[in-house]
**Student:** 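Pasting a structure here, questions to come.
We name chains A, B, ... by the order of the sequence lines, and we start the count at 1 in each one. No experiment lies behind these values; they were computed from the predicted model shown.
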Protein chains: 2
Amino acid sequence: MNGDAFDPNCPTRQILDRIGDKWAMLILLVLAQQPRRFNDLRRRIGGISQKMLSQTLKSLERDGLIVRTAFATVPVTVEYRLAPLADGLIGMMGAITAWAEAHLGDIEAARVRYDGARDASAPRDFA
Amino acid sequence: MNGDAFDPNCPTRQILDRIGDKWAMLILLVLAQQPRRFNDLRRRIGGISQKMLSQTLKSLERDGLIVRTAFATVPVTVEYRLAPLADGLIGMMGAITAWAEAHLGDIEAARVRYDGARDASAPRDFA
DNA sequence: CCGTATCCGCATGGATACTG
DNA sequence: CAGTATCCATGCGGATACGG
C-alpha cells in the first residue's frame, strides 16, 4: 500500500467527499425505499431547502447515481430513482447506520469523560 | 424501518458528519498504519493546515476514536494512536476505498455523458 | 409542480504570528 | 516539537422571489 489516499485527487477522497455531502447520502437512502418525486423527497428529508435538493439531485444524476425521468403531464411530473451504480453505496450506508446505532453511546460517553476532565484540571499526560 | 435517519439529530446523521469531515477519516487512515506524532501526521496528509490538524485531532480524541499521549521529553513528544472504538470505522473505510477504486471510472464516464448531453440539446425527457 | 436566480449571513478553514 | 491565537477570504447553504 502506498500513500495513495493522501493525494487530494485520489478516488477515495472523491468518494469521501460524496459521502460527506450534507444531503447526498440522505437522498440516496430515501430513494432506496422507492422512487420519489421532487416535493415528496423535499417533505421526507427534514430541513433541506429547495435549492440544496435541486442542486444535490443534479450532482447525483451527473455522477450516474440516480436517474431523473420527467413526464409531460400538466403540471409536469418528475421522478427520481436509484441507478444501479448506487447499490454499493446503499450497502455501505447500511453498515454505517448499523455501526452508528451500535456505537453512538460509546462516543457520547467518551465526550462526557473528555469534557469532564477539563474541569478536574488539564488532561493528565504521562512522563 | 421508520424515518429515523431523517431526523437531524439521529445517530446516522452524526456519524455521517464525522465521516464527511474533510480530514477526520484521512487522519484515522494514517493512524491505522501506525501511531504517529503531530508533525509526522502533518507531513503525511497532503494539504492539511496546522489549525485543522490540531482541531480535528482534538475532536477525534474527544469522541474516543484516538488516544493522545504526551511524553515529557525536551522538547515535548506527543503520540497519537487509534482507540479500539475506531476499528469499525477503519473497516468501513476499507470498503469505501475498495468501492471507490472499483467504480470511480463509472462515475467519471457518467459525468462525461452528462456534460456532453448538455450541448447536444437539453437532456431528453419522456412523454 | 418543478425547478432557477439572486441576495446575503455565517461558519469553515487557510495564512500567519506567537508561546510553552 | 506541538500547539494556540488572530485575522480574514471564500463559499456553503438558507430565504425569498420568480419562471416554465
Side-chain angles (χ1 to χ4, degrees), chain A residues 8 13 16-27 30-31 35-62 66-81 114 118 121-127, chain B residues 6 8 13 16-27 30-31 35-62 66-81 114 117-118 121-127:
Chain A
R13 283 251 195 138
L16 232 32
D17 282 353
R18 252 265 103 77
I19 293 177
D21 186 288
K22 192 178 178 185
W23 301 112
M25 288 300 123
L26 253 6
I27 290 173
V30 175
L31 291 180
R36 300 279 182 190
R37 299 179 39 199
F38 189 89
N39 282 314
D40 194 357
L41 276 169
R42 188 154 155 51
R43 277 185 298 270
R44 280 175 189 279
I45 300 180
I48 195 170
S49 66
Q50 201 172 28
K51 177 185 177 180
M52 290 316 295
L53 179 56
S54 169
Q55 189 172 303
T56 307
L57 284 170
K58 224 187 299 182
S59 83
L60 287 171
E61 188 197 0
R62 185 171 112 98
I66 63 175
V67 177
R68 175 188 184 276
T69 312
F71 302 94
T73 53
V74 181
V76 65
T77 301
V78 178
E79 187 199 70
Y80 293 92
R81 68 174 192 277
Y114 185 92
R118 295 200 63 217
S121 90
R124 276 150 277 262
D125 293 341
F126 300 104
Chain B
F6 315 127
R13 284 252 193 138
L16 232 32
D17 282 352
R18 251 268 101 79
I19 293 177
D21 186 287
K22 192 176 178 186
W23 303 112
M25 288 300 122
L26 254 5
I27 291 174
V30 175
L31 292 180
R36 299 280 181 190
R37 298 176 43 196
F38 189 88
N39 283 313
D40 195 358
L41 276 170
R42 186 154 157 50
R43 277 184 300 270
R44 281 174 188 279
I45 301 180
I48 195 169
S49 66
Q50 203 172 28
K51 176 184 176 179
M52 289 315 296
L53 179 55
S54 170
Q55 189 173 303
T56 307
L57 284 170
K58 226 185 298 181
S59 82
L60 287 170
E61 189 196 0
R62 185 171 111 99
I66 63 175
V67 176
R68 175 188 184 277
T69 311
F71 302 93
T73 53
V74 181
V76 63
T77 301
V78 178
E79 186 199 71
Y80 293 92
R81 68 173 192 278
Y114 184 93
R118 294 200 62 218
S121 88
R124 277 150 278 259
D125 293 341
F126 300 105

**Student:** Kindly indicate, with the supporting measurements, whether the criterion side-chain contact (heavy atoms from CB on, under 4.5 Å) is fulfilled by Gln55(A) and Lys58(A).
**Tutor:** CA-CA 5 Å; Gln55(A) 189 172 303; Lys58(A) 224 187 299 182; 5.9 Å; no
**Student:** Look at the side chain of Ser59(B) and the backbone N and O of Thr56(B), then say whether any donor-acceptor pair between them is shorter than 3.5 Å.
**Tutor:** yes
**Student:** Can you give me the closest heavy-atom contact between Val30(B) and Ile45(B), atom names plus distance?
**Tutor:** CG2-CG1, 3.9 Å
**Student:** Between Asn39(B) and Arg43(B), is there a side-chain heavy-atom distance shorter than 4.5 Å?
**Tutor:** yes
**Student:** When you measure from the side chain of Arg42(B) to the backbone of Ile48(B), do you find a donor-acceptor pair of N or O atoms at a distance under 3.5 Å?
**Tutor:** yes
**Student:** Heavy atoms under 4.0 Å is the rule here; annotate nucleotides 12-17 of chain C 5' to 3' with B where the base is hit, S where only the sugar-phosphate is, and - elsewhere.
**Tutor:** -BBB-B
**Student:** Rounding to an integer number of Å, can you tell me how far Ile45(A) CD1 sits from dG14(D) P?
**Tutor:** 12 Å
**Student:** Whole Å only: how far is the CZ atom of Phe71(A) from the P atom of dC2(C)?
**Tutor:** 12 Å
**Student:** Rounded to the Å, how far apart are Leu53(A) CG and dC1(C) P?
**Tutor:** 14 Å
**Student:** Phe38(B) has a side chain; which of dG3(C), dG3(D), dC1(D) sits nearest to it?
**Tutor:** dG3(D)
**Student:** For the pair made of CG in Asp40(A) and P in dG3(C), what is the distance, rounded to whole Å?
**Tutor:** 13 Å
**Student:** For Asp17(A) and dC12(D), what is the distance between atoms CG and P respectively, to the nearest whole Å?
**Tutor:** 11 Å
**Student:** Please map the stems of DNA chain D, keeping only stretches of three or more Watson-Crick or G-U wobble pairs with both distances under 3.5 angstrom.
**Tutor:** C:3-20 with D:1-18
**Student:** Taking atom C1' of dG3(D) as reference, at what distance in whole Å does atom CD of Glu79(B) sit?
**Tutor:** 17 Å
**Student:** Could you check how far OH of Tyr80(A) sits from P of dC2(C), rounded to whole Å?
**Tutor:** 8 Å
**Student:** For dT4(D), does OP1 or OP2 lie under 4.0 Å from any side-chain N or O of Ser54(B)?
**Tutor:** yes
**Student:** Measure the distance from CG on Asn39(B) to C1' on dA2(D) and round it to the nearest whole Å.
**Tutor:** 7 Å
**Student:** Where is the tightest heavy-atom contact between Tyr80(A) and Ile66(A), given as atom of each residue plus distance?
**Tutor:** CD2-CD1, 3.9 Å
**Student:** Are the side chains of Leu57(B) and Arg68(B) in touch, meaning some heavy atoms are under 4.5 Å apart?
**Tutor:** no
**Student:** Taking only N and O in the side chain of Arg37(A), is any of them less than 4.0 Å away from OP1 or OP2 of dC2(C)?
**Tutor:** yes
**Student:** Has Arg68(B) got a side-chain N or O lying under 4.0 Å from the OP1 or OP2 atom of dA2(D)?
**Tutor:** no
**Student:** Heavy-atom distance under 4.5 Å between the side chains of Arg37(A) and Phe71(A), does that happen here?
**Tutor:** no
**Student:** Any side-chain heavy atom of Leu31(B) within less than 4.5 Å of one from Arg36(B)?
**Tutor:** yes
